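Below is one structure, written out as structure tokens; comments come after it.
Numbering of ligands and ligand atoms starts at 1, following listing order. As the structure is a computational prediction, the values presented were derived from the model and not from experiment.
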Amino acid sequence: MTDRPSILIARAIFPEVVARLRGHFEVEDNPGDQIHGRAELIARLHGKRGVIATGSERIDAELLDANPQLRAVCNMAVGYNNIDVPACTARGVMATNTPDVLTETTADFGFALMMAAARRITESERFLRRGEWQRWAYDMFMGCDVHGATLGILGMGRIGQAIARRGALGFGMPVIYHNRSRLPAETEAALNARYVDKATLLREADHLVLVLPYSAESHHAIGAAELAQMKPGATLTNVARGGIVDDAALAAALRDGPIAAAGLDVFEGEPQVHPALLERPNVVLTPHIGSGSLRTRRAMADLAADNLIAALSGARPPSLINPEVLAARPA
Ligand code: GLV
């Protein structure tokens, strides 16, 4: 028998991080990376005080009520729309995420996706691989410029600002943005960024990048009506969450205009991808890998572990989403 807390690592993660967690806890891990169905996840959590989760695990009131011993839910992701945070808070469960460590890597990827869409990188590569490249032509895969074009950002948090910095400093792009709150004047000046309303953002951006969190309010923030307002020839890039874009409406806009191309790393109902998107040549599709550099994924796993170790040892987790839980704790 041991009085060390038990934890579940819901998905496969770095063995070194699993080993580190074994130094603190009784660990049930998932080296085969099975996706636990809902009932199985709830059952595997029985007796566990903490869980390292990913976006694939929905942590809600039902799951928490079936596991009242659970004290900490530690996401290995910055987004936490898979966690019902008020339900955690109401039950005294700490919820944590992995901000900051993935900001620059995700911004690199967002910028790459935008460039790939604008310059038709994957579309032209598929043409070449199909053996269809017989001769050069002046109008072959003409795309749109990135340098000097207007970069639009919806959701100007850490990742949005890192993308804006790349555009402003590296590519001479004027930046316009829309966000719940406006940035301080000196940050706007450093990013060459101008705050605009959403309609202006849609109307003026040559390349619109979405970096806002998913919530009921941001569901289908970009649908048919918004796409119709975009500039002819513009691109749309989503590195935030599926569901922010209405994928069916986007597929129609990629076919009928006004936009020229899109870059998507996230999808409604992923890992399923809307079949109409798969049919469009002018969309770059990647399987939710925005933070996927080796160094960053390792940093995310380490931070999720730091959060769990702190949470179950009575310390404040470094990236606690619901600090109200600490205030409610008995002294
Ligand atoms: C990835 O999507 C994350 O939220 O970290």
Considering only NZ, NE, NH1 and NH2 on the basic side and carboxylate oxygens on the acidic side, decide whether Glu104 and Arg166 come within less than 4.0 Å.
yes
Side chain, backbone, both or neither: which part of Val266 has a heavy atom under 4.0 Å from ligand 1?
neither
For the student: nearest non-hydrogen atoms of Glu188 and Tyr195, plus distance
OE2-CB, 3.6 Å
Charged N to carboxylate O under 4.0 angstrom, Arg194 versus Glu204?
yes
Would you call Arg38-Asp60 a salt bridge at under 4.0 Å N-O?
yes
Any atom of ligand 1 sitting under 4.0 Å from a heavy atom of His288?
yes
Contact (N/O only, under 3.5 Å) between Ser291 and ligand 1
no
Is there a polar contact, in the sense of an N or O pair closer than 3.5 Å, between Val78 and ligand 1?
yes
Between Arg203 and Asp197, is the closest basic N to carboxylate O distance under 4.0 Å?
no
Which atoms of ligand 1 have any heavy atom of Leu102 under 4.0 Å away?
5 (O)
What I want to know is whether Gly79 and ligand 1 share at least one N or O pair that is separated by under 3.5 angstrom.
yes
